Number of protein chains: 2
Amino acid sequence: IPLSKTVRCTCIKISDRPVNPRSLEKLEMIPASQSCPHVEIIATMKKNGEKRCLNPESKTIKNLLKAISKERSKRSPRTQREA
Amino acid sequence: IPLSKTVRCTCIKISDRPVNPRSLEKLEMIPASQSCPHVEIIATMKKNGEKRCLNPESKTIKNLLKAISKERSKRSPRTQREA
């Protein structure tokens, strides 16, 4: 059995549905490797920890990365106003 | 005890050292939330699974994101030449 040729990607199907940045718990990026020939992007949702594979070339992922960075600068750790 | 005010970020110290994209197993991005007021970026290294927190505004992270995407297009799943 040619085990060495087995491709073991994490994602089976890839979603192009938009992801709300506020519903996102975390985003994982797994670079291409010997076990999977393409980059994989996995979004874990806050609600029930659902995992969703995203298309790395989609607008969804570009918007998400932008939103995550913006979120950061909006809530600067030094100038928190929340209670 | 005002437990609700406890900030629980994952990262304690943040590294500005460059990360070789080839040594990277995965990259996690955790958006700002009630438990941590700023975005966190955690790189897991292939070698012994070492985790390293990166500065989201550093060049390191920008270069890394670029490298991961390039890696993908270089090794298109349809045109593998390896073995």
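None of the values given here were measured: they were computed from a predicted structure. Note: hydrogens, waters and symmetry copies are ignored here, and every other heavy atom, side chains too, is used. Each chain gets a letter, A, B and so on, in the order the sequences are listed, and its residues count up from 1.
Applying the salt bridge (charged side-chain N to carboxylate O under 4.0 Å, His left out) rule to pairs touching residues 30-43 of chain B yields nothing, sequence neighbours excluded. Annotation: salt bridge (charged side-chain N to carboxylate O under 4.0 Å, His left out) contacts involving residues 41-55 of chain B, sequence neighbours excluded, comprise B:Glu28-B:Lys51, B:Glu50-B:Arg52.
A continuous path of ILVMFWY side-chain contacts below 4.5 Å connects B:Met45 to B:Ile68, so both sit in one hydrophobic cluster. When hydrophobic clusters are built by joining Ile, Leu, Val, Met, Phe, Trp and Tyr residues whose side-chain heavy atoms come closer than 4.5 Å, directly or via intermediates, A:Ile30 is not grouped with B:Val19.
In this structure, B:Ile61 CD1 and A:Ser69 OG are separated by 10.0 Å, a value rounded to the nearest 0.5 Å. A distance of 9.0 Å separates NZ in A:Lys26 from OG1 in B:Thr10, rounded to the nearest 0.5 Å.
Counting heavy atoms from C-beta on, the side chains of A:Leu65 and B:Met29 come closer than 4.5 Å.
No option in B:Leu64, B:Leu24, B:Leu27 other than B:Leu24 meets the side chain to side chain contact (heavy atoms under 4.5 Å, CB included) test with A:Pro31.
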